[in-house]
Asks: 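Handing you this structure, nothing more for now.
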Amino acid sequence: MFDCRHEVREAGAISVIACEDCGLVQFWDEAGPIPPGAGMAQLFGVFTVLGRFPTLRGPGPEAIVYRPPSAAARRLLDAFPRRTWLEVQAGLWMSHDGEHLILVPTEPGMTHIAGEGA
């Protein structure tokens, strides 16, 4: 059993809960809850794909690594725990090191969301 205290964090125009203990990830905007894909797109849609790399201890065999375009965009990563794999939605995992966003699609249908063609 987890003893979580789900802290809501502001990340740009949306709010995020990302729990390192139980893995809960939720997104909200001023109208209420938003789907995970929409939340990820709103937060990280301007990040630049650096490439695909094999994962070490990741939830899948290949990771797509992204770089934020600015220091302000990099701060969006702070809404999520560092070096923790979170399943944002079924088949799409994320983590970050404070500098780069790392997405790992574990289902074929998620590769287009995570950056197919990168």
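From a predicted model like this one, the values you see are computed outputs, not experimental measurements. All heavy atoms count here, side chains included; hydrogens, waters and symmetry mates do not.
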Asks: Would the distance check show the side chain of Arg9 and the main-chain N or O of Phe80 forming a donor-acceptor pair, the cut-off being under 3.5 Å?
Replies: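 Side chain of Arg9 to backbone of Phe80, a donor-acceptor pair under 3.5 Å: no, none is there.
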Asks: How close do Ala31 and Asp29 get, heavy atom to heavy atom, and via which atoms?
Replies: N-OD1, 2.9 Å
Asks: Using a 4.5 Å cut-off on heavy atoms from C-beta on, say whether the side chain of Glu30 contacts that of Ile14.
Replies: no
Asks: Can you give me the closest heavy-atom contact between Asp78 and Arg82, atom names plus distance?
Replies: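 For Asp78 versus Arg82, the nearest heavy atoms are OD1-NH2, 4.3 Å.
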Asks: Using links of under 4.5 Å between side-chain heavy atoms of ILVMFWY residues, direct or through other members, which residues join Leu24 in one cluster?
Replies: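 Leu24 shares its hydrophobic cluster with Val8, Ile17, Trp28.
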Asks: Could I get the full list of side chain to side chain donor-acceptor pair (under 3.5 Å) partners for Glu62, not counting sequence neighbours?
Replies: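 For Glu62 the side chain to side chain donor-acceptor pair (under 3.5 Å) partners, ignoring immediate neighbours, are Arg52.
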Asks: Looking at residues at least two apart in the chain, or sitting in another chain, which of them share a side-chain contact (heavy atoms from CB on, under 4.5 Å) with Pro59?
Replies: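 Counting only residues at least two positions away or on another chain, Pro59 forms a side-chain contact (heavy atoms from CB on, under 4.5 Å) with Trp85, Trp93, Val104, Thr106.
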Asks: To the closest 0.5 Å, what do you measure between CG (Leu101) and CG (Leu50)?
Replies: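 Answer for the CG-CG pair, Leu101 versus Leu50, is 10.0 Å.
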Asks: Compare every heavy atom of Gly37 with every heavy atom of Gln89, then report the nearest pair and how far apart it is.
Replies: OE1-N, 3.0 Å
Asks: Look up atom CE in Met94 and atom CZ in Phe44, then write down how far apart they are to the nearest 0.5 Å.
Replies: 4.5 Å
Asks: If you define the side chain from C-beta out and look only at heavy atoms, does anything of Pro69 sit under 4.5 Å from Phe47?
Replies: yes
Asks: Please enumerate all residues that pass side-chain contact (heavy atoms from CB on, under 4.5 Å) together with Ala11, with sequence neighbours excluded.
Replies: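 With sequence neighbours excluded, Ala11 shows a side-chain contact (heavy atoms from CB on, under 4.5 Å) to Val16, Leu43, Leu76, Ala79, given in chain and number order.
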Asks: Does Pro81 have any side-chain contact (heavy atoms from CB on, under 4.5 Å) partners at least two apart in sequence or in another chain, and if so, which?
Replies: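 Only Ala18, Glu20, Thr84, Leu86 meet the side-chain contact (heavy atoms from CB on, under 4.5 Å) criterion with Pro81.
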Asks: Going from CZ on Arg83 to OG on Ser95, what distance comes out if it is rounded to the nearest 0.5 angstrom?
Replies: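 The OG atom of Ser95 is 8.0 Å from CZ of Arg83, to the nearest 0.5 Å.
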Asks: Examine distances only and state if a side-chain atom of His96 and a backbone atom of Leu77 form a donor-acceptor pair shorter than 3.5 Å.
Replies: yes
Asks: Flag the pair Phe27 / Ser15 as yes when at least one side-chain heavy-atom distance between them is below 4.5 Å, and no otherwise.
Replies: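 Heavy-atom side-chain distance check fails, nothing below 4.5 Å.
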Asks: If the threshold is 4.0 Å, N to carboxylate O, is there a salt bridge linking Glu7 and Arg5?
Replies: no
Asks: Would you compute the distance between atom NE2 of His6 and atom CD of Gln26 and round it to the nearest 0.5 angstrom?
Replies: 8.0 Å
Asks: Residues in side-chain contact (heavy atoms from CB on, under 4.5 Å) with Ala72, at least two apart?
Replies: Ser70, Arg75
